[in-house]
Amino acid sequence: GNSVTQMEGPVTLSEEAFLTINCTYTATGYPSLFWYVQYPGEGLQLLLKATKADDKGSNKGFEATYRKETTSFHLEKGSVQVSDSAVYFCALSYSGGYQKVTFGTGTKLQVIP
Amino acid sequence: NAGVTQTPKFQVLKTGQSMTLQCAQDMNHNSMYWYRQDPGMGLRLIYYSASEGTTDKGEVPNGYNVSRLNKREFSLRLESAAPSQTSVYFCASSEAPISTDTQYFGPGTRLTVL
């Protein structure tokens, strides 16, 4: 079956540090890939997505590239801020009568001043 | 434009009690979903409605029922709550049931079953 594996957290960084959160997936065919972010006490919201191999999704300084050869979709940001503290979920999605989404377990990021 | 709204935000039930979680979206989306979020397990799909008038089981449907009341509203019912249903419940919607669509989430309902 489909699965998503994320690096375990929590990840603690100082402000302005470089961020990488690893995400690898197992799937047949060609899923779409997403990063969602969840701020404390809120629901998930889309951070970025990529719908085909070699696509790069980007938003708010975050980037991730859909790598089919390594089945990866790692999230990066060059300089994190305290306001980036949240839980980040990697997810893959298929169509099949409905949108079948498989979520990773989430990686908590804490950025300290 | 409120997006996806959920009520209540918090609820405490005793084992065996019933309750309905309400969800509404104002984005004219066709598809709606109910997930539960448990520590260390990500989000798991309980039920979905690909379009108005249809509902179907997801990954963990046991102990739950749903109603797609109209295009805007999708409710989740617990008929006889159990401690294993203690979780955070999220409703989500998307424009179409296709892989590339973004899902929009409500703020969640935190449910505790004693």
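Side chains are part of it too, since the values below use all heavy atoms of this structure and drop only hydrogens, waters and symmetry mates.
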### Query
Among the clusters formed by ILVMFWY side chains lying less than 4.5 Å apart, do Y39(A) and W35(A) turn up in the same one?
yes
### Query
So which bits of residues 44-74 of chain A come within less than 4.5 Å of chain B, counting non-hydrogen atoms only?
L44(A), L46(A), K49(A), T51(A)
### Task
Taking heavy atoms only and a threshold strictly under 4.5 Å, list by residue number the residues of residues 17-46 of chain B that touch chain A; give 'none' if the list is empty.
Y33(B), Y35(B), Q37(B), G40(B), M41(B), G42(B), L43(B), L45(B)
### Task
Heavy-atom pairs under 4.5 Å with chain B are the metric here; pick the option from T105(A), T102(A), L33(A) that has the most.
T105(A)
### Task
Spell out, yes or no, whether F74(B) and Y64(B) are grouped together once hydrophobic residues are joined by side-chain heavy atoms under 4.5 Å, including indirect joins.
yes
### Query
Heavy-atom distance under 4.5 Å to chain B: side chain of Q6(A), backbone, both or neither?
neither
### Query
Mind checking whether L92(A) and M7(A) sit in one hydrophobic cluster, side chains of I, L, V, M, F, W, Y counted as touching below 4.5 Å?
yes
#### Entry: Those residues of residues 99-114 of chain B, ordered by number, that approach chain A below 4.5 Å (heavy atom to heavy atom)
S99(B), T100(B), D101(B), T102(B), Q103(B), F105(B), G106(B), P107(B)
### Message
Quick check: under 4.5 Å, non-hydrogen atoms only, which of residues 8-26 of chain A neighbour chain B?
### Response
none
### Message
Hydrophobic clusters here meaning ILVMFWY residues chained together by side-chain heavy-atom distances under 4.5 Å, can you tell me if Y48(B) and V88(B) are in one?
### Response
yes
## Note on the structure
On a heavy-atom basis, the closest approach of Q38(A) and F90(B) is NE2-CZ, 3.3 Å
